[in-house]
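A short worksheet on the structure shown next.
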Amino acid sequence: MSSLQPVRGTHDLIGETQRRHAHVVETARRIAGLYGFDEWATPIFEDTRVFARSLGDTSDVVSKEMYSFEDRGGESLTLRPEGTAGVCRALVTNGLTQSLPQKIFYAGPMFRYERPQKGRYRQFHQIGVELIGAAEPLADAETIAMGRDILRALGIADETVLELNTLGDAESRTAWRAALVAYFTEVKDQLSEDSRNRLERNPLRILDSKAPQDRALVADAPMIGAFLTDDARAFWDGLRSALDLLGVPFRENPGIVRGLDYYGHTAFEFVTERLGAQGTVLAGGRYDGLVAEMGGPRTPAIGWAGGIERLSMLLEATPPAPRPVAIVPMGDAAGGVSVMLLQALRASGIRAEIAYRGNAKRRLERANRIGATHAVLIGEDEIARGVAQVKALDEGSQGEIALDAVVAYLAGAMRG
RNA sequence: GCGGACGUAGCUCAGCUGGUAGAGCGCCAGGUUGUGGUCUUGGAUGUCGCGGGUUCGAGCCCCGUCGUUCGCCCCA
């Protein structure tokens with residue numbers, strides 16, 4: 001490899017790709033605002049311990065899938081693989097555990113050292129929200145409803161299904177997990193090789209195994225419902241009725257699980273069939289134990305994150321590029337007037353460009369290529385008479401406008 | 001980390017059983033020395049991903065490598 005290429009799993013956001021990307025972020029930011037969420041921007045890298053703590057002892061992920069490095073002071077730093085840990089750290093270090101609840105929206109790049117796949121990159125981008133400091137199921141329901149509203153505003157709500165599950169509280173989960181391990185151990189020799197490994201490391205993951213021979217066994221496996229404590233059941237009931245009130249349809253899926261201990265109660269994913277094996281588009285859950293892991297008090301919290309690349313791919317249409325007005329000076333004498341008009345247009349909020357060189361033909365070609373709505377042609381003759389030729393490029397019609405009326409005329413034309 | 005497919009012009013792709021590389025689009029210039037988008041005439045463009053091997057000769061065959069892609073593992 002002699003020529004310079006982007007690093008594996010990274011990509012440039014240019015043109016239509018960037019407009020789709022920006023549309024997702026802007027839409028999410030706007031809807032999050034309606035729910036009272038404020039945007040936070042936390043660092044793109046953190047002390048490695050911030051993420052290591054959020055991952056508990058799943059040491060594979062820590063060592064193999066994070067972009068970690070030592071800085072010159074010998075400190076281990078890591079490019080953030082997700083947003084929640086950094087937000088929780090920021091909550092604690094800024095003393096905001098004293099002013100709860102906090103409702104946070106964020107958007108930005110994340111980094112995971114993985115094999116790239118469709119919509120899954122080493123540097124990718126997420127939008128996400130965290131509602132920290134509310135233990136009521138209404139908080140979960142609102143957070144989920146906000147996700148649904150964003151998908152709806154993006155025009156992709158119909159392509160996705162909300163799958164919902166409860167993981168119960170710690171007591172429920174411990175009992176359930178023990179029952180699962182007992183069940184799968186009994187049928188161990190019928191499990192796929194992968195799932196036999198999962199039985200040791202992360203038995204809940206067997207529930208979302210893709211192997212056909214596992215699917216049959218999973219169907220008869222013990223489900224969390226039978227192990228819920230009264231409190232956990234009340235929470236689960238409260239969540240579902242709040243979602244009904246908010247008008248958010250869902251499908252219960254007992255296979256939705258989370259591997260880490262600080263997760264409890266709500267777990268959900270908005271999934272689509274349009275992206276192959278990478279069908280989860282926005283996912284989250286309740287993580288009442290994480291803030292404490294960051295050194296704060298035990299604090300209830302719920303949140304989700306969504307991959308911008310995947311959301312972008314689902315967008316029906318690319319948002320249109322903005323259309324400027326093009327100034328076309330003809331001859332040297334027109335230069336000064338043209339530049340002054342150019343700035344006057346910008347000052348009144350109109351996107352305006354000038355071609356730097358070429359004759360009228362070249363500059364009009366350029367105006368056409370950048371999608372200009374109008375070309376303003378100014379030559380010696382026009383200057384002498386105090387006018388400009390204003391050409392509507394879609395229609396091809398052209399008219400003479402007094403120089404000092406051009407800005408007002410175009411402002412009116414832009415409004416339609 | 002594992003398996004399959006793919007890599008030829010800026011883009012999308014063609015290229016026969018191995019015989020000195022093509023199309024469309026785009027780009028540039030002319031038809032119009034003050035008028036784009038349509039039309040028309042002409043033009044340029046490639047280390048055939050990279051490295052090695054087989055061969056008189058490799059875009060084509062073999063090996064390696066990098067990248068892309070689909071799936072597995074993982075999914076905070």
Side-chain angles (χ1 to χ4, degrees), chain A residues 1-11 15 50-66 78 80-88 110-122 124 126 128 192-195 197-198 201-202 204-205 208-211 256-263 267 269 275-280 283-285 287 290 293 303-305 307 326 328-331 333-334 355 358-383 388-398:
Chain A
M1 184 177 67
S2 56
S3 61
L4 293 172
Q5 295 177 16
V7 171
R8 173 170 223 186
T10 67
H11 56 151
V50 170
F51 305 114
R53 282 187 194 177
S54 80
L55 289 165
D57 53 5
T58 41
S59 50
D60 267 20
V61 180
V62 175
S63 58
K64 288 185 186 164
E65 301 194 10
M66 296 201 311
T78 296
R80 63 184 187 189
E82 51 102 22
T84 305
V87 165
C88 289
M110 308 291 167
F111 306 82
R112 296 182 186 179
Y113 194 89
E114 304 180 296
R115 187 74 170 253
Q117 280 180 53
K118 190 191 208 65
R120 181 173 175 170
Y121 304 99
R122 289 186 171 180
F124 60 106
Q126 285 186 331
S192 68
E193 189 185 334
D194 283 334
S195 284
N197 289 330
R198 291 183 181 114
R201 293 202 324 271
N202 200 348
L204 301 200
R205 283 286 166 205
D208 58 12
S209 167
K210 287 166 187 162
I256 304 253
V257 295
R258 296 285 182 268
L260 302 171
D261 284 342
Y262 55 75
Y263 282 107
E269 300 182 355
L275 294 177
Q278 302 303 317
T280 300
Y287 52 95
L290 182 55
E293 291 291 326
W304 54 251
V328 180
M330 298 178 292
N359 57 23
K361 178 183 166 71
R362 286 273 295 227
R363 294 191 200 218
L364 266 167
E365 277 173 2
R366 166 86 187 158
N368 196 56
R369 200 176 317 145
I370 63 178
T373 56
H374 296 79
V376 180
L377 299 109
I378 303 171
E380 249 175 276
D381 179 43
E382 282 74 16
I383 290 174
Q389 306 294 337
V390 177
K391 182 164 192 155
L393 290 167
D394 291 342
E395 294 80 22
S397 56
Q398 181 172 323

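Naming: A, B, ... by sequence-line order, numbering from 1 per chain.
For B/G34, its base sits under 3.5 Å from the side chain of A/Glu382 at one donor and acceptor pair at least. Judged by atom type and distance alone, A/Asn368 reaches the base of B/G36 through a side-chain donor-acceptor pair under 3.5 Å. Side-chain atoms of A/Arg120 and base atoms of B/C74 include a donor and an acceptor less than 3.5 Å apart. With hydrogens and angles left out, the side chain of A/Gln398 and the base of B/U35 share a donor-acceptor pair within 3.5 Å.
For the OP1/OP2 pair of B/U69 and a distance below 4.0 Å, the side-chain nitrogens and oxygens of A/Arg115 include no atom meeting the criterion. For A/Arg201 and B/C74, the shortest distance from a side-chain N or O to OP1 or OP2 is below 4.0 Å. Contact check, A/Asn359 against B/U32: no side-chain N or O comes under 4.0 Å of OP1 or OP2. For A/Arg258 and B/C75, the shortest distance from a side-chain N or O to OP1 or OP2 is not below 4.0 Å. Between A/Lys118 and B/C70 there is a side-chain N or O to OP1 or OP2 distance below 4.0 Å. Note on A/Lys210: a side-chain N or O is less than 4.0 Å away from OP1 or OP2 of B/C72. Note on A/Arg363: every side-chain N or O is 4.0 Å or more away from OP1 and OP2 of B/U35.
B/U68 and B/C61 are spaced 23 Å apart, taking the P atom of each and rounding to whole Å.
Across the strands present, B/C2 finds its partner in B/G71; the criterion is a Watson-Crick or G-U wobble pair with both atom distances under 3.5 angstrom. Figure legend. B/C16 is base-paired to no nucleotide; pairs are counted as Watson-Crick or G-U wobble with both atom distances under 3.5 Å. With both pairing distances under 3.5 Å, B/G59 is matched to nothing as a Watson-Crick or G-U wobble pair. B/A21 makes up no base pair with any nucleotide shown, lacking Watson-Crick or G-U wobble contacts both under 3.5 Å. Pairing partner, B/G34: none, since no Watson-Crick or wobble contact has both distances short of 3.5 Å.
Within the nucleic acid shown, A/Gly284 has no heavy atom closer than 4.0 Å to any nucleic acid atom. Nucleic acid contact class of A/Asp381 (heavy atoms, under 4.0 Å, all strands): base. Here A/Gly276 lies in heavy-atom contact (under 4.0 Å) with sugar-phosphate atoms only. Heavy atoms of A/Tyr287 sit nowhere under 4.0 angstrom from any nucleic acid atom. Here A/Arg369 lies in heavy-atom contact (under 4.0 Å) with sugar-phosphate atoms only. If you check every strand for non-hydrogen atoms under 4.0 Å, A/Arg112 touches a base. Across all strands, A/Ala277 comes closer than 4.0 Å only to sugar-phosphate atoms, never to a base (heavy-atom distances). Looking at heavy-atom distances under 4.0 Å, A/Lys391 makes contact with a base. Contact annotation for A/Asp394: base contact, defined as any heavy-atom pair under 4.0 Å involving a base atom. Among the heavy atoms of the strands lying under 4.0 Å from A/Arg198 are primed sugar atoms or P, OP1, OP2 only; no base atom is included.
The CE atom of A/Met66 lies 12.5 Å from the CD atom of A/Glu114; values are rounded to the nearest 0.5 Å.
Note on ring orientation: taking the six-membered ring where Trp is involved, the planes of A/Tyr287 and A/Tyr262 are perpendicular (angle over 60°, cut-offs 30° and 60°).
The nearest pair of heavy atoms linking A/Pro81 to A/Phe124 is O-CZ, 3.9 Å.
Geometrically, A/Arg80 does not engage A/Phe111 in a cation-pi contact, judged by NZ or CZ lying under 6.0 Å from the ring centre and within 45° of the ring axis.
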